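Model, not experiment: these values are computed from the prediction.
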Amino acid sequence: MKGPSHLSDEGRVVALCGGVGGAKLALGLQHLLGERLTVVVNVADDFEHLGLHISPDLDTVLYTLGGLSDQQRGWGRSDETWNFMEALKEIGGQTWFSLGDRDMAMHVERTRRRLSGETLTAISIDIARRFGIRSNVLPITNNKLSTIVVSTEGELEFQRYFVGRRCEPAVKQIRFRGAESARLTQEVLQALDADDLRLIILCPSNPYLSIDPMLAVPGTTEKLRAARVPVVAISPIIGGQAIKGPTRKIMDELGLEATNREIARHYAGLIDGLIIDTTDAEGAADLGIDVHLAPTLMTELQSKIALAEHALMFGNSLRTKRKGQEKEPLSGGVS
């Protein structure tokens with residue numbers, strides 16, 4: 001297996017990504033791969049608010065890769081001010097979803113450009129360029145796609161559940177409105193079909209709220225199953241807990257065990273290997289899939305780069321293992 005110094009010279013990588021957790025890994029991957037990385041982002045969290053098109057996951061990825069994210073809050077732009085929200089509150093406007101003054105510029109400009117006929121993809125590519133982002137940042141689809149949480153309080157659009165109700169209602173089901181008619185963009189298809197593609201990564205984003213919406217777009221699961229390169233997922237579970245967001249709560253309410261075994265089962269047939277935290281080594285050999293142990297908690301930049309290195313090295317080892325073979329489930333093993 002080659003070391004980290006050789007990780008950036010062997011082809012392109014596609015990473016399917018949600019918001020904060022996925023963006024952390026994407027930042028580590030960008031440091032290693034630069035323009036050879038394509039980050040495909042969930043847009044099922046998008047919604048219209050105050051007449052503006054809001055794309056929370058896309059913006060989190062753009063701000064993170066552009067070095068503009070707020071490290072303390074974990075979301076939004078750094079050096080943010082809140083004059084708009086304070087003025088909106090004074091006149092009785094809706095303030096349940098906070099929009100910083102700098103962040104507002106993104107939403108206003110995106111909405112203007114979409115109304116003029118530009119696609120979400122074209123806008124994202126241009127903004128990434130303006131932010132000096134070396135990697136490619138693409139929405140999974142240009143079509144409307146919405147996560148609907150069926151809860152004890154009825155059906156809630158994702159932001160109403162996540163921000164408005166702070167994830168308090170119990171989740172009974174999750175579905176994705178518009179998925180049947182959504183289409184993968186040509187840019188995403190080109191990234192997944194690239195001749196020099198070496199690896200596809202499912203970031204440690206919430207499987208049910210961030211990765212599943214992308215898998216629901218027709219063609220995504222087929223592309224993963226037919227991929228001629230390894231597909232690797234990084235578990236968001238560490239010691240039976242999710243570090244960020246409502247993953248553990250949702251799993252409990254859906255009657256699912258918060259374990260790496262459940263993550264492996266959830267992605268069965270789509271992935272060739274699973275990266276789990278070193279603290280979960282016990283039982284790793286029994287997951288029925290190739291497993292790689294690594295520190296998966298990402299805090300400072302170096303830990304993000306280190307996990308990205310582990311993902312690329314694991315991908316290399318799987319690629320060597322299956323070289324010359326058709327894609328099929330691999331026998332389990334732990335590295």
Q. For His310 and His292, what are the C-alpha separation, side-chain angles and deciding distance, and is it a ring pair (Phe, Tyr, Trp, His ring centres under 6.0 Å)?
A. CA-CA 8 Å; His310 276 282; His292 180 81; 5.1 Å; yes
Linking I/L/V/M/F/W/Y whenever any side-chain heavy atoms sit under 4.5 Å apart, do [X] and [Y] land together?
| X | Y | value |
| --- | --- | --- |
| Leu254 | Ile148 | no |
| Leu25 | Leu301 | yes |
| Val150 | Leu156 | no |
| Val229 | Leu215 | yes |

For [X] versus [Y], what's the shortest heavy-atom pair and its separation?
| X | Y | value |
| --- | --- | --- |
| Thr121 | Leu138 | CG2-CD2, 4.1 Å |
| Ile275 | Ala294 | CG2-CB, 4.1 Å |
| Ser210 | Ser205 | CB-CB, 3.7 Å |
| Leu312 | Leu32 | CD1-CD1, 3.8 Å |
| Pro207 | Tyr267 | CB-OH, 3.3 Å |
| Val39 | Ala26 | CG2-CB, 4.1 Å |

request  = State plainly whether the residues Glu153 and Arg165 are in salt-bridge range, i.e. N to O under 4.0 Å.
outcome  = yes
The side chain to side chain donor-acceptor pair (under 3.5 Å) partners of Thr259 (sequence neighbours excluded) come to none
Distance alone, cut at 3.5 Å: any donor-acceptor contact between the side chains of [X] and [Y]?
| X | Y | result |
| --- | --- | --- |
| Arg183 | Asn142 | no |
| Asp70 | Tyr63 | no |
| Ser78 | Glu80 | no |

Notebook entry, point to check: Do the non-hydrogen side-chain atoms of Lys24 and Thr64 ever get within less than 4.5 Å of each other?
Noted result: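 No - every pair of side-chain heavy atoms lies 4.5 Å or more apart.
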Result for side chain to side chain contact (heavy atoms under 4.5 Å, CB included) between Leu293 and one of Asp280, Thr278, Asp277 points to Thr278
Next on the checklist: For the residue pair Arg160 and Trp96, would you count it as a cation-pi contact if the rule is NZ or CZ under 6.0 angstrom from the ring centre and within 45 degrees of the ring axis?
Outcome noted: yes
Inset, instruction - For Tyr208 and His266, run ring pair (Phe, Tyr, Trp, His ring centres under 6.0 Å): C-alpha distance rounded to whole Å, both residues' side-chain angles, the deciding distance at 0.1 Å, then the answer. - result: CA-CA 9 Å; Tyr208 312 98; His266 187 74; 4.7 Å; yes
Report task. Describe, in one word, how the ring planes of Tyr161 and Phe158 are oriented to each other, choosing from parallel (under 30°), tilted (30 to 60°) and perpendicular (over 60°). Result -> tilted
Strictly distance-based, threshold 3.5 Å: is any side-chain N or O of Lys223 a donor or acceptor partner for the main-chain N or O of Leu192?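 No, Lys223 side chain to Leu192 backbone: no donor-acceptor pair under 3.5 Å.
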Notebook entry, point to check: Taking the side chain from Glu222 and the backbone from Gly219, do they hold a donor-acceptor pair closer than 3.5 Å?
Noted result: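 Yes: the side chain of Glu222 pairs with the backbone of Gly219.
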- Item | Residue that, paired with Arg110, satisfies salt bridge (charged side-chain N to carboxylate O under 4.0 Å, His left out) out of Asp126, Asp46, Asp59 |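 Of the listed options, the one satisfying the test is Asp59.
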dist Arg265:CZ -> Ile289:CD1 (nearest 0.5 Å) comes out at 12.5 Å
